[in-house]
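Please read these numbers as outputs of a predicted model, since none were measured by experiment. Whatever order the structure lists them in is the order used to number ligands and atoms, beginning at 1. FYI, side chains are in, hydrogens and waters are out, and symmetry mates aren't considered; it's all heavy atoms of this structure.
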Amino acid sequence: MSVISSITVTVPATTANLGPGFDCIGAALTLYNKFKFTPLAEGGLIISVTGKEAEGVQTDENNLLYQAFVKFYQYIGQKPPSVKMEIDLGVPLARGLGSSATAIVGGLVGANQLADAPLSVLEVMKLAIAMEGHPDNVVPALLGGCRLAASSGDSWEICDVPWYGDIIPVVAIPDFELSTSEARQVLPPQVTRSDAIFNTAHLGLLLRGLQTGQEQWLRTALQDKLHQPYRQALIPGYDAVNAAALGAGAYGMVISGAGPTLLALVNQLQSQAVQEAMLSAWQSAGIMAVVRSLSLDNQGVTYQR
Ligand SMILES: Nc1ncnc2c1ncn2[C@@H]1O[C@H](COP(=O)(O)OP(=O)(O)O)[C@@H](O)[C@H]1O
Ligand SMILES: N[C@@H](CCOP(=O)(O)O)C(=O)O
């Protein structure tokens, strides 16, 4: 076995659901968390966190990055080593940009590398999906790009979704948190057949719209009936920001992940106007926000020894 002094794992943020693809589609974005793992000869656990919102991350054994690290060693039947974990936060917490997915993927990949990579990427992916409970943020965080995940028995079919180059993701990130578990609690346990059909058709159209950039398809496709109607009430200013984004020429606006970040898909020409309109609408509703134009990350998780 080789001796590793430390390993740094970089994991991208994600935007899950993309409107009608609840719990099955997501894309990796150019915003990153970095996790450095150093084995400790003297024993114990040390967790340090830097970056904006660092005080929101636990620094004991309840830390999600550490829980994923431990999960990996349980899976391979070994005792987790003592470790120092240095977290550099670039992904805002509990905003619907997959911060929990970065911690789960980072912990599993960091542990796998420290242990000399006994698990394949697919095995790590299955563990990550099991920990997160749905695939749509951990899969693109791990593999990059836009990904559709479909379960097949106890395995997963993962499909790379082509993304037309001129479709730009603009994220409007408010200064309040909404935990994914809270945003899942408002969802009904059952949906009507007509709502299921609506989303099936719109997700199909979305895949073609993302691939071709066909404007009218994208405008129609971003609608959803499975989660957004129930979650909008948790996001003050939602209607105003949506109207502003559409008025400035966005193809559409959706809730990023479980929210509260709002994601507009735009073309290059409209990007600046949409960003300004979303920011101003949120400010008028009394909410501070950061609005950014991002790109798709096509690499997924990376690591350096
Ligand atoms: N870098 C991190 N290290 C450890 N835990 C993290 C990290 N980022 C997020 N978490 C945990 O995940 C929680 C947020 O998860 P969640 O509610 O699913 O929101 P998100 O939409 O950001 O994934 C945080 O409150 C924290 O407990
Ligand atoms: N499909 C999930 C996605 C949650 O993503 P996150 O980025 O908010 O963790 C959901 O909508 O609940």
Side-chain angles (χ1 to χ4, degrees), residues 8-29 31-37 45 47-71 83 85-110 128-129 131-141 147-149 151 169 171 173-174 176-188 199 203 224-232 234-235 254-263 301:
T8 301
V9 180
T10 304
V11 193
T14 50
T15 183
N17 301 324
L18 296 172
F22 179 66
D23 271 3
C24 62
I25 192 171
L29 299 175
L31 202 60
Y32 300 91
N33 277 341
K34 275 188 198 279
F35 306 108
K36 183 174 178 186
F37 300 83
L45 168 67
I47 300 177
S48 66
V49 192
T50 54
K52 214 165 160 245
E53 306 184 353
E55 66 291 342
V57 175
Q58 287 166 297
T59 52
D60 56 17
E61 64 284 349
N62 294 314
N63 178 287
L64 188 57
L65 180 74
Y66 183 64
Q67 288 183 348
F69 186 85
V70 170
K71 174 74 80 185
V83 66
M85 296 176 156
E86 293 163 85
I87 299 173
D88 181 9
L89 285 182
V91 180
L93 300 172
R95 298 300 206 295
L97 289 167
S99 74
S100 57
T102 70
I104 290 169
V105 167
L108 292 172
V109 169
I129 295 172
M131 268 195 90
E132 180 70 344
H134 43 84
D136 48 340
N137 48 14
V138 290
V139 171
R147 305 277 172 169
L148 179 72
S151 61
V171 289
I173 311 167
F176 64 90
E177 296 187 358
L178 174 58
S179 79
T180 301
S181 71
E182 185 186 342
R184 290 181 85 83
Q185 276 164 26
V186 301
L187 304 181
N199 269 56
L203 179 57
D224 154 73
K225 292 205 176 183
L226 293 188
H227 69 112
Q228 298 196 155
Y230 309 101
R231 287 173 163 173
Q232 284 166 19
L234 303 174
I235 306 175
V254 295
I255 297 175
S256 178
T261 291
L262 299 175
L263 168 82
V301 69

Open item on the list: Protein non-hydrogen atoms only, distance under 4.0 Å: does atom 26 (C) of ligand 1 have such a neighbour?
Closed with: no
- [ ] Check step by step if side chain to side chain contact (heavy atoms under 4.5 Å, CB included) holds for His134 and Asn17.
- [x] CA-CA 11 Å; His134 43 84; Asn17 301 324; over 6 Å; no
Open item on the list: Treating Glu86 as the side-chain partner and Val49 as the backbone partner, does any N or O pair qualify as donor plus acceptor under 3.5 Å?
Closed with: no
Task: Residue Ile87 vicinity, atoms of ligand 1 by number, heavy atom under 4.0 Å - done: 1 (N), 3 (N)
Open item on the list: My question is simple, although I want it checked carefully: is atom 8 (N) of ligand 1 less than 4.0 angstrom from any protein heavy atom?
Closed with: yes
Open item on the list: Below 4.0 Å from ligand 1: does a non-hydrogen atom of Gly98 turn up there or not?
Closed with: yes
Task: Under 4.0 Å from ligand 2 - residues by heavy atom, chain and number - done: Ala16, Asn17, Phe22, Asp23, Gly96, Leu97, Gly98, Ser100, Glu132, His134, Asp136, Asn137, Thr180, Arg184, Arg231, Gly257, Ala258
Open item on the list: Between Asp23 and Arg184 (salt bridge meaning N to carboxylate O under 4.0 Å), is one present in this structure?
Closed with: yes
- [ ] Report the C-alpha separation of Thr50 and Ile87 in whole Å, then their side-chain angles, then the decisive distance to 0.1 Å, and conclude whether the side chain to side chain contact (heavy atoms under 4.5 Å, CB included) test is met.
- [x] CA-CA 6 Å; Thr50 54; Ile87 299 173; over 6 Å; no
- [ ] Ignoring hydrogens and angles, tell me if any N or O in the side chain of Asn63 forms a donor-acceptor pair with the backbone of Gln58 under 3.5 Å.
- [x] yes
Open item on the list: Please report whether ligand 1 has a polar contact with Ser100, defined as an N or O pair separated by less than 3.5 Å (distance criterion only).
Closed with: yes
Open item on the list: Under 4.0 Å from a heavy atom of Leu89: which atoms of ligand 1 are those, numbered in the order shown and with their elements?
Closed with: 1 (N)
TODO: State if Tyr66 counts as touching ligand 1 under the rule of any non-hydrogen atom under 4.0 Å.
DONE: no
- [ ] For atom 1 (N) of ligand 1, decide whether some protein heavy-atom distance is shorter than 4.0 Å.
- [x] yes
Open item on the list: I'd like to know if Arg95 and Glu53 make a salt bridge, using a cut-off of under 4.0 Å between side-chain N and carboxylate O.
Closed with: yes
TODO: Decide whether the shortest distance between a heavy atom of Gly257 and an atom of ligand 1 is less than 4.0 Å.
DONE: no
Task: ligand 1-proximal atoms of Arg95, by part, heavy-atom distance under 4.0 Å - done: backbone
Task: Parallel, tilted or perpendicular: ring planes of Tyr66 versus Phe69, cut at 30 and 60 degrees - done: parallel
- [ ] Find all atoms of ligand 1 within a distance of less than 4.0 Å from any non-hydrogen atom belonging to Ser179, and give their numbers and elements.
- [x] 17 (O)
TODO: Apply side chain to side chain contact (heavy atoms under 4.5 Å, CB included) to Leu262 and Val171, showing your working.
DONE: CA-CA 6 Å; Leu262 299 175; Val171 289; over 6 Å; no
Open item on the list: Below 3.5 Å, N or O to N or O, backbone or side chain included: is there any such pair between Ala94 and ligand 1?
Closed with: yes
Task: Asn33 versus Thr102, side-chain donor and acceptor atoms under 3.5 Å - done: yes
Open item on the list: I'd like to check which ligand 1 atoms, numbered from 1 as shown, lie under 4.0 Å from a non-hydrogen atom of Val57.
Closed with: 3 (N), 4 (C)
- [ ] Would you mind running through ligand 1 and noting each atom that sits below 4.0 Å from a heavy atom of Phe35?
- [x] 1 (N)
Open item on the list: Pairing donors with acceptors under 3.5 angstrom, does anything connect the side chains of Ser256 and Thr15?
Closed with: yes
Task: Backbone or side-chain N or O of Thr180 under 3.5 Å from ligand 1 N or O - done: yes
TODO: Taking all non-hydrogen atoms of both residues into account, name the closest pair between Leu203 and Cys24 and its distance.
DONE: CD2-SG, 3.8 Å
- [ ] Identify, by atom number and element, the atoms of ligand 1 in contact range of Asn63, meaning under 4.0 Å from any of its heavy atoms.
- [x] 4 (C)
- [ ] Look only at the side chain of Asp136 and the backbone of Ala16, and say whether a donor-acceptor pair between them is shorter than 3.5 Å.
- [x] no
Open item on the list: As a check for students: among Gly259, Ala68, Gly56, Ser99, identify the option with a heavy atom nearest to atom 13 (C) of ligand 1.
Closed with: Ser99
